[in-house]
Structure formats: C-alpha cells, structure tokens
Amino acid sequence: MTDKKNADAGEKKSGAAGNFIRNIIDEDLKNNTYRGRVVTRFPPEPNGYLHIGHAKSICLNFGIAGDYKGECHMRFDDTNPSKEETEYVESILEDVKWMGGNWGEHLYYASDYFDKLYAFAVELIRKGKAYVDDLSAEEIREYRGTLTEAGKESPYRNRSAEENLALFEGMKKGEFPDGSRVLRAKIDMASPNIIMRDPTLYRIRKTAHHRTGEKWCIYPMYDFTHCLSDSMEGVTHSICTLEFENNRELYDWVLSTLNVYHPRQIEFARLNLTYTILSKRKLIGLVQGGYVSGWEDPRMPTISGMRRRGYPAGAIRNFCDRIGVARRDSMVDMALLEFSVREYLNRHARRVMAVLNPLRVVIENYPEDSPEDMLECINNPEDPEAGTRTVPFSKVLYIEKEDFMENPPKKFFRLGPGREVRLRYAYFITCTDVIKDEKGEITELRCTYDPATRGGDAPDGRKVKGTLHWVSAAHAVDAEVRLYDYLFNRENPNECEDYKECLHPDSLKVLTDCKLEPCLAQVAPGERFQFERLGYFCADSRDSQPGKPVFNRTVTLRDTWAKMQKKGKA
RNA sequence: UGGGGUGUCGUCAAGCGGUAAGACACAGGAUUUUGGUUCCUGCAUCCGGAGGUUCGAAUCCUCCCGCCCCAGCCA
C-alpha cells in the first residue's frame, strides 16, 4: 500500500513512516514472538458509516499488513442486533475497498462465532469463572461500587457450575425475558479497574440479528467477543483506540483464563480534526436531524462523504501518513487534510475553465462572423502526458464577476475600466465601457481585443499583470455548482453546548447559473477537474446528468489574493 | 478522592543519556499565460513545572501541575 501511495503522490519518501506500533512489531519479529507472523484486523461495528477517523485505522492496520507481508482481516463486530444494519455493512465494505484495504479471503463476522463463543462461555462456567446473575441492570450498577469505593458481590455469585450451566442454557433457549438475567465473569468486585468488577459477558436480547436472524436471543458483549475473535483468527497485534485501554486487562483475563492463543492489544490515539466532529453518535444526529442530506453529504467527514466531495483515496492515505500514530490526544488541523487533497489533485486533475458567477463581456472589435477560433489549452502543466485540448473563443464571453472592479485598488491585477488583461490561452483585452442596469448593477462589459496577442503573448513584449479564465457564451455549458465550506464554524465543535448550534450556516452554497467550457458537457460521475483559478471540482455522483452537469467543489486553490484582502493589505 | 494513560514549535510529530528531525500553518523573497504550482529563506538556546543524579538530561530519579479514559445488560 505504501508503495502505491507514494506512486500516487509522485513523491519520494524514505519508506514507511515509523511509529511506536511498528517499533513493537519490529521487536516482536526480532524476538520471533509470533513465529514471524503479522496479522492485524479492522473491526468496525456496522452501526453507522465509516469516517476519516476510521480511515486512519484502515491505513494503520492494512498498511502494516501490507508492509510486513502479513494479513489484515476485515471483521464486523456485530454483537448488538439492536444497533446494526445490513446497509452499514455494505457501505463499510465499499469504503474500505475504496480506501485500498485488501482483506483477501479474510472477511469475518463476529456473529459467525456465536456458537464457538457460547462454548467458551460454557467453559468459563465450568471453570467457575462465570455465573448467571439475576440482579436487574440497576442493581448491578449499584453493586458495582464507584470510582473510589469497592463494589459488593451479587448474592447469585456463588451458584454451582451445574446451576449456572442450566440457567445459561435456559437463557439461550429464550426461557427468560430480556434483562432478567446476564452471564457475568467472576473476577473481583473490589478491583480498582471497574471493568474487572464482574463484567457482563452475555445479555438476553430477543431481537432479530441482521445476519443470524432469530437464531439467538442472547448476545455476547464486546469484551468477551473481541479478544476471542482475535484469538481464533490468529491475530498478532490487535490495534484499537485509547478508550479501550482499561479493557485490555479484561481482554487478557479472558484469554488467559480460557488458556487460548493470546494476541497483544495495542492502543493508539483516535483522530480529531478541526471544524468537524468524528463521534458516530453525533454524526448520526446530523443525519437523522436532517442537518445534512445523509451520510454521503459532501460536508460530512465520512469516507463516502469525502469521496462524493472529490477527495481522492490516495490523498486521504497521504494525510494518514502525515498525521502519524501516537498515544497522546490531539486535534489535527483541517488545513493538513486540505493540503493533502490539493497536493494530490494538483498532479492528477485536468485543468478546465469554468465561470461560476458570470459577467457578460462583448469584444467590440472582434469580427461578428469569424470562423471557429479554437485555442489550444494545456490539460495539466504538472503532467505533460495529459496533453492539450482546444477551446472555442468568440465575440461574446463570460468572465467571473469578481474579476472586474470599477474602482480597483492598486494591487488588484484584474480587469477595470481602461485596463488590459490576458484571457487565458486567448487574447489581451482592454475594458472600454461598463454597462449597468437601472439599479446600477453591472450587467455587461464592452472590451476590445488585440488580435496580435492570440495565444496569450504580445509580440511587442508588452506585459499584463492579470490573467483571467473565461468561457465563450455561445458554446457554454450550463451547470449547477455546489460550494462547500466547513460544516462547523468552530475549531472544536465539541466545545459548544450543543454541537448543532455550531453548524456553519453557509456550509453549502448552490450556484445554478454557472458556465462551463464545452468539454464538460459529458462528464463521468465522480470525475475530478481543476477549474482554473478557482479550485478542484468533482462531478456529483448522484445528480450530475449528461448535458446538465452538477459539480461539487472539493477544495479551493490556495488564494493569496483572498488572504491579502482579508488582512486588509489590498 | 480509586485505577489506567498522556504532556516536545500555532497544529501534528521524531527523539530511547551526547547537546531539539520533518510536515502543515505562518512570514518574507524568486520564477510563473492559474494572485495556482515550483523554488529559496525565516520560524522551539528549548522539551508541563520545580528539584536531583551525571562531564553531559527532552531522555534517568523525586515531587508537583494540567489534560484524557473507566461506574452500558454500547463498541
């Protein structure tokens, strides 16, 4: 994966970036801890769409497997039927694949292990290490104690193995109602680690499972399922996020108590990104509350949202490489993600011209009935192999409204009354007149052109400061363009009382009167371009139609002019 | 106030007793038919704080401080 990634970005890197997890693996390899094997896994719960935080985990787990010639298992942690759906497993599979994750034959579901898991639970009971508890959920909570006080033992804690076995089987057979009993590990109610105070292993839930249907009415908990799944699959390094640190003691307890193959759990800090949220619960809230159009809304930090927005998988991988892997909590600057996207697209996206807010320009001295004036344009200056194309020029054109100012300041290099600029790949034009409507709005510009400057260079060596993009009115393709901005207007939306209050009101602007150069009439869904001087845009995978394209703005170009204006230097 | 973690540039992040990598951001400048790209230059005498060990400490020891996680029959 790393090699591919480097090729994608076209850059030379000094091999895969090291991190503390790779250091651990190197050490294990040196000591032959796992007979030279490296097996990781990516274990999402199918209860939502994957987001950029998962992308970090995908890059980590699949990246390590690839670099060490090991394997990475794709495994659904589907032990809670009330939250999980098939729609989610489908989207997850698609997203992981798109990110470049290759699990080969290793596609697993924790639900496929239910029989084995049940057998392990029985074994635990036989060993006197698990018991059926009749306490209610509230009672269990009360008995658990607090952070500073030890808990107390359940009165059902010392049932005989026989009784526990019978009861557990009864649970399995559906003889008891939801919530009436649970299977608990018998560990230590006074443990300073609350997770070790007789954790629940199985609960009764008479709910159909998206894969096992009605077969089960008891479902294993994460802590019991995950470690055993890792063990059965022969995982060597079970990489998860920091919040599972406290659970590691239980992970180790289950495996050693059952005396089975024992992988090592390693935790790393999850990703946080400025101007967005990465909590599944909150993301679901945005979807269900209708604050976005769905999980694939281009403003969402979901993998599918970013894909629809136009972020290339290779750019996301480069981003994941750059942020590193460590154990300290951090908040990565969204600017780094955008940098990765621009860097990638700069090398891969064809350049075209598009006018988002059109202003009509009439070239008065341009012949009315001239033959087709086709101008040659470079498709990508960063990639000679992308070749060239021709674009038609004519007497009536559109330029960008903001490329003209009636009273321009000194540092404004664009068009103004009496000023001369270059139309990219075309001619120098000079503004001779400004036409306004009754409200004083500028509706049209009258200009003259210099036929000698065809192609964009003046034979007399005369220079112009500005170069504008343009589209011939007669040949223009009408389009809708959606401009996206950050979803939130706060660097850290989690600091808001209610994260929905911090939603950026202008995160989406729809422009319906855009003019594109002719070659854009037929674009494939998802096709990406650089609209010169504006940014990178991607044909919407849902709404773009032949002849009536719809584009999403992926990211703007760096804009030093906008920066100058903002700082008041212009 | 129990336990588990963690504190190195604005943001990420290397560093593992020999005297602070790199990236983004930011600020200058050069080149430019995208105010894009590219290219130079600058940007932590200092590593949460205070002591100590050492010829030498971000790295070892002690104490203190901040932040994160854990009391789901969620994962």
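Numbers restart at 1 for each chain; the letters A, B, ... are given by sequence-line order, proteins then strands.
- For the OP1/OP2 pair of B:C73 and a distance below 4.0 Å, the side-chain nitrogens and oxygens of A:Arg144 include at least one atom meeting the criterion.
- Rounded to whole angstrom, the span from the CZ atom of A:Arg270 across to the C1' atom of B:A75 amounts to 10 Å.
- A search for ring-ring contact (aromatic ring centres under 6.0 Å, His included) contacts involving A:His73 returns A:His106, A:Tyr108, not counting sequence neighbours.
- Between A:Thr79 and the phosphate of B:A75, there is a side-chain N or O to OP1/OP2 separation shorter than 4.0 Å.
- Among B:G28, B:A71, B:C74, the nucleotide with an atom closest to any side-chain atom of A:Lys567 is B:G28.
- Within residues 386-393 of chain A, no residue is approached by RNA chain B to less than 4.0 Å at the level of any non-hydrogen atom.
- Phosphate contact (OP1/OP2 of B:C74, side-chain N/O of A:Arg203, threshold under 4.0 Å): present.
- Under the Watson-Crick and G-U wobble criteria, each requiring two contacts below 3.5 Å, nucleotide B:C39 is paired to B:G29.
- A donor-acceptor contact shorter than 3.5 Å is absent between the side chain of A:Glu267 and the backbone of A:Cys240.
- Side-chain N/O atoms of A:Arg347 and A:Asn380 include no donor and acceptor closer than 3.5 Å.
- Remark: P of B:G72 and CD of A:Glu243 are 16 Å apart, rounded to the nearest angstrom.
- Under the 90° criterion around 0 for the glycosidic angle, B:G36 counts as anti.
- Taking only side-chain nitrogens and oxygens, A:Arg342 never comes nearer than 4.0 Å to OP1 or OP2 of B:G36.
- Looking at the side chain of A:Met221, the nearest of the listed nucleotides B:C24, B:G2, B:A75 is B:A75.
- Nucleotides B:C61 and B:C12 are separated by 26 Å at their P atoms, to the nearest Å.
- Taking every side-chain heavy atom of A:Ser330 into account, B:A13 is the closest of B:A23, B:A13, B:U34.
- Comparing A:Phe244 and A:Thr148, the nucleotide of RNA chain B nearest to each residue sits closer to the 5' end for A:Thr148.
- To the nearest angstrom, P of B:G10 lies 13 Å from CG of A:Asp333.
- Taking atom CE on A:Met331 and atom P on B:C67, their separation rounds to 16 Å, with Å as the unit.
- Rounded to the nearest Å, the gap between the C1' atom of B:A50 and that of B:A21 is 29 Å.
- What you find for A:Met353 and A:Glu517 is that their closest heavy atoms are N-OE1, 2.8 Å.
- The shortest heavy-atom contact between A:Leu117 and A:Ala110 is CD2-O, 4.2 Å.
- For A:Asn193, the listed nucleotide lying nearest its side chain is B:G3; candidates were B:G3, B:C73, B:U37.
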Output one line per pair: protein atom, nucleotide atom from nucleotides 5-9 of chain B, and distance, for all N/O pairs under 3.5 Å.
from: B:G5; atom 1: O4'; to: A:Glu245; atom 2: OE2; distance (Å): 3.2
from: B:G5; atom 1: O3'; to: A:Arg327; atom 2: NH2; distance (Å): 3.4
from: B:G5; atom 1: O2'; to: A:Glu245; atom 2: OE1; distance (Å): 3.4
from: B:G5; atom 1: O2'; to: A:Glu245; atom 2: OE2; distance (Å): 3.3
from: B:U6; atom 1: OP1; to: A:Arg327; atom 2: NE; distance (Å): 3.2
from: B:U8; atom 1: O4; to: A:Arg328; atom 2: NH2; distance (Å): 3.2

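- Listed pair A:Arg322 / B:U11 fails the phosphate criterion, with no side-chain N or O lying under 4.0 Å from OP1 or OP2.
- A donor-acceptor pair under 3.5 Å is formed between the side chain of A:Asn164 and the backbone N or O of A:Val132.
- Between A:Arg141 and B:G72 there is a side-chain polar atom (N or O) within less than 4.0 angstrom of OP1 or OP2.
- If you measure from atom OH of A:Tyr344 to atom P of B:G36, you get 23 Å, rounded to the nearest angstrom.
- The gap from the P atom of B:C16 to that of B:C60 amounts to 11 Å, rounded to the nearest Å.
- At a threshold of 4.0 Å, the pair A:Glu233-A:Arg75 counts as salt-bridged, since one of the basic side-chain nitrogens sits closer than that to a carboxylate oxygen.
- Using modelled atom types, no side-chain atom of A:Thr453 and backbone atom of A:Tyr427 make a donor-acceptor pair closer than 3.5 Å.
- The residues A:Arg197 and A:Asp188 are annotated as not salt-bridged, no charged nitrogen and carboxylate oxygen being separated by less than 4.0 angstrom.
- B:G66: Watson-Crick or G-U partner is B:U6, with both key distances under 3.5 Å.
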(Q) ring pair (Phe, Tyr, Trp, His ring centres under 6.0 Å), that's the test. Do A:Phe168 and A:Tyr118 meet it? Break it down for me. (A) CA-CA 10 Å; A:Phe168 188 47; A:Tyr118 182 83; 4.8 Å; yes

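- B:A23 and B:A13 are spaced 8 Å apart, taking the C1' atom of each and rounding to whole Å.
- Taking atom P in both B:C9 and B:A44, the straight-line distance is 12 Å, to the nearest Å.
- One atom, CD of A:Glu382, and another, C1' of B:U32, lie 11 Å apart when rounded to the nearest Å.
- Cation-pi check for A:Arg211 over A:Tyr109 is met; the charged atom lies under 6.0 angstrom from the ring centroid and within 45 degrees of its normal.
- A:Arg422 places no side-chain N or O within donor-acceptor distance of the main-chain N or O of A:Asp457, the cut-off being under 3.5 Å.
- When the P atom is compared between B:A25 and B:U11, the two are found 15 Å apart, to the nearest whole Å.
- Nearest to the side-chain atoms of A:Thr200 among the listed nucleotides B:G36, B:G2, B:C73 stands B:C73.
- For the pair A:Ile195 CD1 and B:C73 P, the computed distance is 11 Å after rounding to whole Å.
- Base-pair partner of B:A21: not found among the strands shown (Watson-Crick or G-U wobble, both distances under 3.5 Å).
- Of the P atoms belonging to B:C24 and B:U41, the separation is 14 Å, rounded to the nearest Å.
- The side chain of A:Lys563 contributes an N or O atom lying less than 4.0 Å from OP1 or OP2 of B:C26.
- Across the C1' atoms, B:C63 and B:U53 are found 15 Å apart, a figure rounded to whole Å.
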